[in-house]
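Report on one structure; see the data block that follows.
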Amino acid sequence: MRDLYQKVSCSLGDILNTEYPDFEISLPLWEISSKEEFGDFSTMVALKVASKIKEDPLEVAAKIKEKLKKKLPEIDNIGILKPGFINLFFPKEHLISSFNKLLREREEYFASKKEKNVLIEFVSANPTGPLSIAHGRQAVVGDVIANILEFSGNKVTREYYVNDEGRQIDLLVESVGERVKEIEGKNFSLPPDGYLGEYVKIIAQEVIKQKPKDLKSFVIPFILSWIDRDLRDLGVKFDTWESQKELIDNGKVEEAVDFLKKKRLTEEKEGALWFLSTRFGDDKDRVLIKKDENYTYFSSDVAYHKYKMERKFNKLINLWGPDHHGYIKRVKAAVKALGFKEEVLEIIIVQLVAIKTKQRMSRRKGTAIPLYDLVKEVGADAARFYYLMRKNSSHLEFDIDKAKEISFENPLYYVQYAHARICSVFKKAGVNNIQLTHTKFLKDEKEFLLLRKILQLSCCLDKAYNTLEPVFLIEYLKNVAACFHKFYEERRILDEEANVRLARLNLLEATRIVLACGLNILGIKPMEKM
RNA sequence: GCGCCCAUGGCCCAAUGGAUAGGGCAUCUGGCUUCGGACCAGAGGGUUGCAGGUUCGAGUCCUGCUGGGCGCGCCA
């Protein structure tokens with residue numbers, strides 16, 4: 001389907017270039033038809049062109065159709081509908097040959113070879129406590145974006161940036177210290193903005209047990225081990241953990257600041273050192289070194305991004321929470337000032353998880369809902385699927401009191417059920433490996449409905465890849481499952497005569513491959529029974 | 001005060017300025033002596049927050065209003 005899609009896109013692009021050179025082409029030209037009666041692919045370029053040149057859309061569509069017919073003689077059915085849509089119907093032989101290829105190559109059929117070296121940084125929550133369910137979304141979305149990139153042939157490094165330096169860390173360590181005193185029965189007083197969560201007491205107990213020499217260098221790794229464990233329980237594993245403290249200790253921050261200084265992009269004023277970020281599109285200049293001679297968080301971030309670039313990645317992706325929205329301009333400014341191309345860095349804002357409770361989630365106040373509670377309650381797979389059900393930019397409603405319903409009503413099980421049903425049919429049929437013949441015995445319209453649907457996976461993956469939105473894969477898998485369940489209800493498989501039976505078993509196997517492929521990319525294990 | 005985002009059936013969400021505004025949950029009605037009923041088929045439910053405007057065409061774009069969320073540190 002992918003090769004067909006590309007061919008069809010090129011043909012249409014050529015026609016537009018020669019017939020309507022003034023028309024600016026915006027991709028994608030074709031989209032998967034929203035309804036079966038609209039064929040395999042639809043386009044509304046005729047409408048766009050017509051509005052630009054003030055002609056009748058239907059006439060433009062007719063003209064384009066004639067040109068398309070000449071370029072694509074193998075496609076016998078091209079339709080035009082009401083306002084000016086052009087719809088393509090692929091002949092069955094095309095679908096059958098794609099079907100054969102799919103069965104031969106299996107998941108590989110949908111893979112591609114982009115061969116970029118990508119760094120994706122996500123979660124990066126301060127090590128000041130266990131991860132919350134809000135971080136869970138960042139973790140799963142980042143992980144699945146990484147999977148999508150990997151499946152498309154890129155080399156991907158998953159990185160967690162550890163903010164192990166600064167005021168929040170000091171506050172937490174101080175809070176632990178006071179809790180230690182409390183447990184030991186001494187006088188204690190929590191700092192004004194100290195951390196109030198119960199976990200602080202757990203750490204304090206651990207401190208008493210292990211009696212570390214230095215509190216800070218004990219507490220942070222301890223919390224990081226929690227974070228790592230919670231992420232693994234969710235099925236997310238990082239390749240590298242970059243420490244902010246190490247960037248400072250290794251002189252990388254100093255180096256980055258000096259670099260900007262030498263380029264005369266800094267200025268001393270009011271006792272502080274400022275980066276002239278307004279020269280690169282920022283709203284105001286930013287402090288690099290504070291009056292008290294300490295580096296700001298921003299200055300280590302400049303160094304961090306410099307260090308990212310130096311590691312020879314051709315694409316950097318950052319996943320941030322919406323609270324960092326105002327931070328984008330200054331980091332992009334820094335990237336430009338450091339002499340790198342701005343487009344290399346892509347920043348995705350993943351919205352927070354909205355909680356249906358009166359109280360606001362705060363880790364410091366100890367009111368955040370821990371990620372491990374959710375995973376314990378519903379399991380990693382259901383949590384992952386649920387997290388991916390909205391676009392990155394959409395708020396995700398999350399009612400923790402309904403966590404059990406999340407697992408029971410999770411559409412994941414609709415998809416898993418389709419996979420398990422297919423496995424069950426194979427078990428009943430008593431076949432282990434399917435022969436790749438008999439695909440030519442697919443004749444029934446119901447069969448082709450399902451076949452068309454499963455072949456769309458490559459287009460769906462392209463869309464998810466281009467937009468970095470895993471939600472399209474979720475929607476697609478729900479769609480495939482629905483299509484399969486319907487087919488299963490309408491047509492028998494095992495009690496048909498031999499040729500049809502084998503053809504349908506092949507169709508089921510292809511459907512199973514598609515479902516498994518999609519689920520694997522989502523980091524979810526397909527179930528053979530449930 | 002400045003800036004950003006959101007408002008779509010009872011609830012949660014879809015819909016690159018384009019095809020009859022779609023789907024899930026909930027409600028109601030049907031469907032297993034037959035490959036798994038965690039399924040399928042069907043029904044009801046909408047003036048897309050309000051008022052204008054732009055055009056062949058507006059849920060989508062512009063202006064104003066109402067109601068909600070968030071960001072605006074030499075915090076991290």
Side-chain angles (χ1 to χ4, degrees), chain A residues 26-29 31 33-35 37-38 42 44 46-48 50-51 54-57 81-85 87 124-126 128 163-171 193 244 269-274 283-284 286-301 321-327 349 351-352 354 356 360 364 389-391 393-399 402 405 408-418 420-429 467 471 475 478-479 481-482 484-496 501 504-505 508 527 529-530:
Chain A
S26 62
L27 296 168
L29 290 173
E31 60 185 23
S33 302
S34 52
K35 290 182 185 168
E37 66 213 74
F38 299 151
S42 305
M44 47 193 188
L47 286 162
K48 301 283 181 199
S51 84
K54 307 272 180 211
E55 274 182 34
D56 182 4
L81 238 52
K82 269 180 282 176
F85 289 95
N87 297 320
S124 299
N126 294 356
T128 54
N163 300 146
D164 48 1
E165 191 62 63
R167 205 176 106 80
Q168 295 302 320
I169 293 294
D170 293 342
L171 263 177
D193 287 320
Q244 182 191 3
K269 89 190 156 193
E270 298 158 29
L273 185 75
W274 298 69
D283 303 321
K284 56 188 214 179
R286 308 291 171 179
V287 172
L288 291 169
I289 302 177
K290 297 187 264 185
K291 219 185 306 186
D292 65 7
E293 296 184 353
N294 282 316
Y295 288 111
T296 56
Y297 172 79
F298 175 61
S299 66
S300 49
D301 232 8
D323 50 331
H324 280 64
H325 192 268
Y327 204 75
I349 297 291
Q351 281 290 338
L352 286 179
K356 263 195 176 169
R360 215 192 114 118
R364 194 171 50 70
M389 278 172 23
R390 301 272 180 282
K391 271 203 258 187
S393 57
S394 300
H395 293 265
L396 177 61
E397 191 80 17
F398 212 112
D399 188 338
K402 290 188 177 168
E405 287 176 37
F408 197 69
E409 289 164 7
N410 200 313
L412 166 64
Y413 294 103
Y414 184 75
V415 177
Q416 289 281 28
Y417 186 48
R421 258 184 161 175
I422 293 172
C423 293
S424 167
V425 171
F426 276 104
K427 211 170 159 193
K428 198 98 179 176
T467 57
V471 69
E475 290 303 316
K478 278 157 63 175
N479 236 291
F484 164 74
H485 285 309
K486 194 174 162 77
F487 176 75
Y488 183 87
E489 208 75 25
E490 287 170 339
R491 291 290 183 267
R492 308 290 301 167
I493 293 139
L494 299 180
D495 7 292
E496 296 290 340
R501 174 185 152 116
R504 288 189 180 166
L505 281 170
L508 258 60
M527 295 166 84
K529 60 181 180 188
M530 48 197 291

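Using atom C1' as the reference point in both B/rC61 and B/rG17, the two lie 8 Å apart (nearest Å). Remark: the separation of the C1' atoms in B/rC25 and B/rG44 is 16 Å, to the nearest Å. One P atom belongs to B/rA19, the other to B/rC13, and the distance between them is 24 Å to the nearest Å. On the P atoms, B/rA21 is 16 Å away from B/rA43, given to the nearest whole Å. Separation of the P atoms belonging to B/rU20 and B/rC62 is 26 Å when rounded to the nearest angstrom. Only the C1' atoms considered, B/rG59 is 11 Å distant from B/rA14, to the nearest whole Å. Here, B/rG36 and B/rG46 have their P atoms 41 Å apart, quoted to the whole Å. The same atom, P, is picked in B/rG10 and in B/rC50; the two are 13 Å apart, to the nearest Å.
Position along RNA chain B of the nearest nucleotide to A/Trp274 versus A/Phe38 favours A/Phe38 as the more 5'-ward residue. Between A/Asp164 and A/Ile493, the one whose closest nucleotide on RNA chain B sits nearer the 5' end is A/Ile493.
Applying the Watson-Crick and G-U wobble criteria (two distances, each under 3.5 Å), B/rA7 pairs with B/rU66. Nucleotide B/rC32 forms a pair with no other nucleotide shown, judged by Watson-Crick or G-U wobble geometry with both contacts under 3.5 Å. Pairing of B/rC2, defined by two Watson-Crick or G-U wobble distances under 3.5 Å, is identified with B/rG71. Applying the Watson-Crick and G-U wobble criteria (two distances, each under 3.5 Å), B/rG17 pairs with nothing in any strand.
The distance from the NZ atom of A/Lys35 to the OG atom of A/Ser42 is 11.0 Å, given to the nearest 0.5 Å. One distance of note links CD of A/Gln351 with CG of A/Asp323; it measures 9.5 Å at 0.5 Å rounding.
Here A/Tyr488 lies in heavy-atom contact (under 4.0 Å) with a base. Within 4.0 Å of A/Met389, counting heavy atoms only, lies no atom of the nucleic acid at all. No engagement by A/Ala429 is indicated, since no non-hydrogen atom pair under 4.0 Å with the nucleic acid exists. When heavy atoms are screened at a 4.0 angstrom cut-off, A/Glu270 is found touching base atoms of the nucleic acid. A/Arg501 comes within contact range of no nucleotide atom at all, as no heavy-atom separation falls under 4.0 Å. Residue contacts for A/Ser393: at a heavy-atom cut-off of 4.0 Å it reaches no nucleic acid atom on any strand shown.
In this structure, A/Lys290 places its NZ atom 4 Å from P of B/rC75, rounding to the nearest Å. Here the C1' atom of nucleotide B/rA76 and the CG atom of A/Asp193 are 13 Å apart, to the nearest Å. We find that CD of A/Gln351 is positioned 15 Å from C1' of B/rA7, with the value rounded to whole Å. The distance from atom NZ of A/Lys428 to atom P of B/rU34 is 10 Å, rounded to the nearest whole Å. If you measure from atom CG of A/Asp56 to atom P of B/rU55, you get 20 Å, rounded to the nearest angstrom. Rounded to a whole Å, the CG atom of A/Asp495 is 9 Å from the P atom of B/rC35. As a whole-Å value, the separation of A/Phe484 CZ from B/rA38 P is 14 Å. Atom pair A/Arg390:CZ and B/rA15:P shows a separation of 11 Å (rounding to whole Å applied).
Distances were taken from every side-chain heavy atom of A/Gln168 (C-beta onward) to each of B/rA76, B/rG36, B/rA19; the shortest belongs to B/rA76. Of the candidates B/rA76, B/rA19, B/rC4, B/rC4 carries the atom nearest the A/His325 side chain, counting heavy atoms from C-beta on. Side-chain proximity of A/His485 to the nucleotides B/rC74, B/rC39, B/rC35 is greatest for B/rC39. Which of B/rC35, B/rC75, B/rA15 sits closest to the side chain of A/Arg167 comes down to B/rC75.
The phosphate of B/rA14 has OP1 or OP2 within less than 4.0 Å of a side-chain N or O from A/Ser394. For B/rG73, the OP1/OP2 oxygens have no side-chain nitrogen or oxygen of A/Lys291 closer than 4.0 Å. Taking 4.0 angstrom as the limit, A/Lys35 places none of its side-chain polar atoms (N or O) nearer than this to OP1 or OP2 of B/rG22. Residue A/Lys486 has no polar side-chain atom (N or O) positioned under 4.0 Å from OP1 or OP2 of B/rG31. Regarding contacts with the backbone of B/rC4, every side-chain N or O of A/Tyr327 stays at 4.0 angstrom or more from both OP1 and OP2. Between A/Lys427 and B/rG36, a side-chain N or O to OP1/OP2 separation shorter than 4.0 Å is absent. In terms of phosphate contacts, A/Arg421 brings a side-chain nitrogen or oxygen within less than 4.0 Å of OP1 or OP2 of B/rG37.
Residue A/His325 places its NE2 atom among 12 or fewer non-hydrogen atoms of other residues, nucleotides or ligands, all under 6.0 Å distant. No more than 12 heavy atoms of other residues, nucleotides or ligands shown are found within 6.0 angstrom of NZ on A/Lys427. Heavy-atom neighbours of A/Glu37 CD from other residues, nucleotides or ligands within 6.0 Å: above the threshold of 12.
Here the side chain of A/Arg501 pairs no donor or acceptor atom with the backbone of A/Glu496 at under 3.5 angstrom.
No hydrogens or angles were tested; on distance alone, a donor-acceptor pair under 3.5 Å links the side chain of A/Glu489 to the base of B/rG31. Contact of A/Ser42 with B/rA19 (side chain to base): a donor-acceptor pair of N or O atoms is detected under 3.5 Å.
In this pair, A/Phe85 lays its aromatic ring flat on the base of B/rA19, centres within 5.5 Å and planes under 30 degrees apart. In this structure, A/Tyr417 does not count as stacked on the base of B/rG36 under the 5.5 Å centre distance and 30° plane angle limits.
Ion pair A/Glu489/A/Lys486 not flagged as a salt bridge, since none of the NZ, NE, NH1 or NH2 atoms sits closer than 4.0 Å to an Asp/Glu carboxylate oxygen.
Relative orientation of the A/Tyr297 and A/Tyr327 rings is tilted, given thresholds of 30° and 60° on the angle between their planes.
A donor-acceptor contact closer than 3.5 angstrom links the side chains of A/Gln244 and A/Ser300.
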